[in-house]
Participant: 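One structure, pasted below without further comment.
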Amino acid sequence: MKKIALHWQILIAIALSIPFGIFFYEFTPSIKWIGDIFIRALKMIAIPIVFSSLVMGVSSLGGYKDLGRLAGKTMGFYVFTTAIAAFIGVLIVNLVKPGIGADLSLSETITDLAVSKMTFKEQIVNIVPQNIFEDLSKGNLLPVIFFAIFFGFFITKSSKEAQLNLSELFKSAFEVFMKMTLFIVRFTPIGVFAIVSNIVADQQGDPEKLYKIVSSLGLYTMVVWAGCLIHGGIILPSLVYSFTKLNPYKHIKQMSLPLLTAFSTCSSGAALPFTLKESQEKTGISNKIASFVLPLGSTVNMNGTALYEGVTAIFIAQAYGIDLTIGAQFVIILTSVLAAIGSAGIPMAGLVMIAVVLSVVGLPLEGIGLVLAVQQLCDMIRTTVNVYGDTCAAVVVAHSEGEKLNL
Ligand code: ASP
């Protein structure tokens, strides 16, 4: 028998969980633990994957001593475009407000949110860890990211032997954590079934409320798509044009194979071989620049993921009836950018990161259950934007280095 693709399994699980929640609602509490384990497993892998992916990425820049300028330009473009993406997401979700009205009536349980306890200034100060082990164990993303970048950078400044050992160690660890993530992700259908059937059962007897949740999710998905289309279809092409005066739409056409691969596999990593090939063969980017910018981008540069993180965190806050101050929203943008940088280029990495973004701002983790149902749809579009962003960086960097491109 042919194996059913994961996204179909997830869709089937959702389709089954709805009648199960309606007709067998007395059984749903007894399977709730399955969803809890699934979410705990997502949280479990988040910090190790962020830490190893960042240390690996930053320490590998050391090998390109003569390319210090390239590294600066590439990282500058990556961080700049990722921040714009997160900002667009947060802007649209505030305008459309898809979560308002999906009232999950859980606001009583979240009275002592971290968000309400910490001032904006404190949040910024806390980015510098005073005890990295405490932050690792508590899953505090920002200090962990700060430390990982710092650590990765100083690996590049140490002896050849230390550099080699440590970068190999973190590369290997990252490979293992990616495999662990892919393994956990295989259980999504079961996790989704347990979580969604419980959400449905909780609304038992109130079909109107259920309807509201479903329509909110539809609207939320549309916000993610709209944000990604605006960013990928307007902002990034405009940036390419303004930096290079080359034709960005011809470039999109040249990239159709990697972009379609990203869309269908939901993995920047899977699209990488095609991105490398087409950028060199079609766009005419040199091997030196393509092989530096694109692999780095496939793990570090995730515009679509940053947008998704921002939209999702605020959507969940809206659904729980939590008012976020401007300061808290700013922290969400910052965290989304960092979470995207720390995400791996594999399916659902962005979902793993949501667990971390929510805990940074102190939002209820159960909110993940809500967005799981439309996870696949969001992953397809955000991965496409992630990959497109990498190829744009390659064009901009190659052009700035004086390369002649076929655009
Ligand atoms: N699937 C995305 C990628 O590979 C990461 C994510 O889940 O956001 O780029």
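In this chain, numbering begins with 1 at the start of the sequence shown. The structure displayed is predicted, hence computed values, not measured ones.
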Participant: State, with a plain yes or no, whether a side-chain heavy atom of P98 is found less than 4.5 Å away from one of Q318.
Facilitator: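 Yes, at least one pair of side-chain atoms sits under 4.5 Å.
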Participant: Which label fits F151 and F170: parallel for a plane angle under 30°, tilted from 30 to 60°, or perpendicular past 60°?
Facilitator: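 Judged by the thresholds at 30° and 60°, the geometry between F151 and F170 is perpendicular.
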Participant: Compare all side-chain heavy atoms of L296 with those of N301 and state whether any distance is below 4.5 angstrom.
Facilitator: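 In short, these two side chains do not touch, never coming nearer than 4.5 Å.
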Participant: So if I apply the side chain to side chain donor-acceptor pair (under 3.5 Å) rule between N303 and each of D390, T82, N386, which one comes out positive?
Facilitator: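 The single option meeting the side chain to side chain donor-acceptor pair (under 3.5 Å) with N303 is T82.
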Participant: If every non-hydrogen atom of M353 is compared with every non-hydrogen atom of S343, which pair is closest and at what distance?
Facilitator: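 Nearest heavy atoms, M353 then S343: CG-OG, 3.2 Å.
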Participant: With sequence neighbours excluded, tell me which residues meet side-chain contact (heavy atoms from CB on, under 4.5 Å) with I184.
Facilitator: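 With neighbours one apart ignored, the set is F38, A41, L42, M44, I45.
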Participant: Hey, what do you get for CD1 (I354) to OG (S336), rounding to the nearest 0.5 Å?
Facilitator: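 Here the rounded value is 7.0 Å.
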Participant: Do other residues, nucleotides or ligands put more than 12 heavy atoms under 6.0 Å from the NZ atom of K73?
Facilitator: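 Enclosed: over 12 neighbouring heavy atoms sit under 6.0 Å from NZ of K73.
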Participant: Quick check against the 3.5 Å criterion: does T384 have a side-chain atom that pairs as donor or acceptor with the backbone of M380?
Facilitator: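 Yes, the answer is positive, given that a donor and an acceptor are paired below the 3.5 Å cut-off.
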Participant: Can you confirm whether L182 sits close enough to P347 that some side-chain heavy atom of one is under 4.5 Å from a side-chain heavy atom of the other?
Facilitator: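 The answer is yes; the side chains approach within 4.5 Å.
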Participant: Tell me, do F315 and S216 make a side-chain contact under 4.5 Å, heavy atoms counted?
Facilitator: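 In contact.
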Participant: How close do L236 and C392 get, counting heavy atoms only, and between which atoms?
Facilitator: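 Distance-wise, the nearest heavy atoms are CB-SG, 4.1 Å.
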Participant: Verify, without hydrogens or angle tests, whether S279 (side chain) and L276 (backbone) share a donor-acceptor contact under 3.5 angstrom.
Facilitator: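 No; zero donor-acceptor contacts below 3.5 Å.
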Participant: Do you know which two heavy atoms are closest between A313 and L358, and how far apart they sit?
Facilitator: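 Residues A313 and L358, closest heavy atoms: CA-CD2, 4.1 Å.
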Participant: Would T312 and Y220 count as a side-chain hydrogen bond (donor to acceptor under 3.5 Å, both in side chains) if you check the C-alpha gap in whole Å, the side-chain angles of each, and the deciding distance to 0.1 Å?
Facilitator: CA-CA 8 Å; T312 307; Y220 154 80; 2.7 Å; yes
Participant: Output the distance between atom CZ (F330) and atom CD1 (I326), rounded to the nearest 0.5 Å.
Facilitator: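 Separation between the atoms: 11.0 Å.
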Participant: If you look at every heavy atom in A373 and I14, which pair is closest and at what distance?
Facilitator: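 Scanning both residues, the minimum pair turns out to be O-CD1, 2.9 Å.
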Participant: Does the side chain of L246 reach to within under 4.5 Å of the side chain of Y241, using non-hydrogen atoms?
Facilitator: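 L246 vs Y241: side chains apart.
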Participant: Before giving the answer on side-chain contact (heavy atoms from CB on, under 4.5 Å), spell out for T391 and H251 the whole-Å C-alpha distance, their side-chain angles and the decisive distance to 0.1 Å.
Facilitator: CA-CA 9 Å; T391 66; H251 172 234; 3.3 Å; yes
Participant: Ignoring hydrogens and geometry beyond distance, is a side-chain donor-acceptor pair present between Q130 and D135 at under 3.5 Å?
Facilitator: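 Checked: Q130/D135 side chains show no N/O donor-acceptor pair below 3.5 Å.
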Participant: If you draw a 6.0 Å radius around CZ in F87, do more than 12 non-hydrogen atoms from other residues or ligands fall strictly inside?
Facilitator: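 It does not: F87 CZ has 12 such atoms or fewer within range.
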Participant: Assign the ring pair F263 / W225 to parallel, tilted or perpendicular, where the plane angle (0 to 90°) is split at 30° and 60°.
Facilitator: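 Geometry flag for W225 against F263: perpendicular rings.
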Participant: Closest heavy-atom contact between S52 and F177?
Facilitator: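 That closest heavy-atom pairing would be OG-CD1, 3.3 Å.
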Participant: Please report the interatomic distance CG(L324) to CD1(I322), rounded to the nearest 0.5 Å.
Facilitator: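 Going from CG on L324 over to CD1 on I322, the span is 7.0 Å.
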Participant: Any chance you could lay out the side-chain contact (heavy atoms from CB on, under 4.5 Å) test for L334 and I127, step after step, and finish with the verdict?
Facilitator: CA-CA 11 Å; L334 184 71; I127 291 180; 3.8 Å; yes
Participant: For F146 and F150, take the angle between the two ring planes, folded into 0 to 90°, and tell me which bin it lands in: parallel under 30, tilted 30 to 60, perpendicular over 60.
Facilitator: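 Because their plane-to-plane angle is under 30°, the rings of F146 and F150 count as parallel.
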Participant: May I ask you to check whether S197 and Y25 show a side-chain donor-acceptor distance below 3.5 Å?
Facilitator: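 S197 vs Y25: no donor-acceptor pair found between side chains.
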Participant: Side chains of V396 and L239: closer than 4.5 Å at any heavy-atom pair?
Facilitator: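 Answer no - side chains too far apart.
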Participant: Can you check whether F274's main-chain N or O pairs, donor with acceptor, with E278's side chain at less than 3.5 Å?
Facilitator: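 Flag not set: sc E278 to bb F274 has no pair under 3.5 Å.
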Participant: Is the closest basic N to carboxylate O distance between D36 and R40 below 4.0 Å?
Facilitator: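 A salt bridge is absent here (no side-chain N lies under 4.0 Å from a carboxylate O).
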Participant: Taking side chain as C-beta onward, heavy atoms only, is M180 less than 4.5 Å from I49?
Facilitator: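 No, side chains not in contact.
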Participant: Report yes or no: does T74 contribute a side-chain atom to a donor-acceptor pair with the main-chain N or O of V293 at less than 3.5 Å?
Facilitator: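 No, the answer is negative, given that no donor and acceptor are paired below the 3.5 Å cut-off.
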Participant: Please confirm whether the backbone N or O of N247 pairs with a side-chain atom of K250, one donor and one acceptor, at under 3.5 Å?
Facilitator: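 No, because the side chain of K250 does not come within donor-acceptor range (under 3.5 Å) of the backbone of N247.
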Participant: Determine, stepwise, if the pair Q376 / C266 fulfils side-chain contact (heavy atoms from CB on, under 4.5 Å).
Facilitator: CA-CA 8 Å; Q376 177 76 22; C266 295; 3.6 Å; yes
Participant: Is it true that the side chains of Q254 and T283 contain a donor and an acceptor less than 3.5 Å apart?
Facilitator: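 There is such a pair (donor and acceptor under 3.5 Å, judged by atom type) between the side chains of Q254 and T283.
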Participant: Which distance, rounded to the nearest 0.5 Å, do you find between the CD of Q9 and the CD1 of I190?
Facilitator: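 Reported to 0.5 Å precision, the distance equals 9.0 Å.
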Participant: Checking N198 side chain against A194 main chain: does a donor-acceptor pair fall under 3.5 Å?
Facilitator: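 Confirmed, N198 side chain pairs with A194 backbone.
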Participant: Apply side-chain contact (heavy atoms from CB on, under 4.5 Å) to residues I84 and H231 and explain how you reach the verdict.
Facilitator: CA-CA 8 Å; I84 297 182; H231 188 73; 4.2 Å; yes
Participant: Using a strict cut-off of less than 4.0 Å between a Lys/Arg side-chain nitrogen and an Asp/Glu carboxylate oxygen, indicate whether K138 and E134 qualify as a salt bridge.
Facilitator: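 Judged by the 4.0 Å cut-off on N to carboxylate O distance, K138 and E134 do form a salt bridge.
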Participant: Surrounding CZ of F24 (heavy atoms of other residues, nucleotides or ligands, distance under 6.0 Å), is the total greater than 12?
Facilitator: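 Counting other residues, nucleotides and ligands, CZ of F24 stays at 12 neighbours or fewer.
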Participant: Are the side chain of S267 and the backbone of I346 linked by a donor-acceptor contact shorter than 3.5 Å?
Facilitator: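 Side chain of S267 to backbone of I346: no pair is present.
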Participant: Which atom names give the shortest non-hydrogen contact between I92 and A226, and what distance separates them?
Facilitator: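 Shortest heavy-atom separation between I92 and A226 comes out as CD1-C, 4.5 Å.
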Participant: Do I289 and E401 come within less than 4.5 Å of each other through their side chains, counting heavy atoms only?
Facilitator: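 Contact flag for I289/E401 side chains = yes.
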Participant: Find the distance between CG (L136) and CZ (F147) and round it off to the nearest 0.5 Å.
Facilitator: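 So the gap between those two atoms works out to 8.0 Å.
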Participant: What's the separation between atom CG in L338 and atom CD1 in I333, rounded to the nearest 0.5 Å?
Facilitator: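 Answer for the CG-CD1 pair, L338 versus I333, is 12.0 Å.
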Participant: Is it the case that more than 12 heavy atoms not belonging to L95 sit under 6.0 Å from its CG atom?
Facilitator: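 Atom CG in L95 is crowded, with more than 12 foreign heavy atoms closer than 6.0 Å.
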Participant: Taking only residues two or more places apart in sequence, or in another chain, which ones meet S298 in a side chain to side chain donor-acceptor pair (under 3.5 Å)?
Facilitator: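 Partners of S298 by the side chain to side chain donor-acceptor pair (under 3.5 Å) criterion come out as none, since no residue qualifies.
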Participant: Is it the case that the side chain of Q280 and the backbone of I285 share a donor-acceptor pair, with hydrogens and angles ignored and the cut-off at 3.5 Å?
Facilitator: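 No: the side chain of Q280 does not pair with the backbone of I285.
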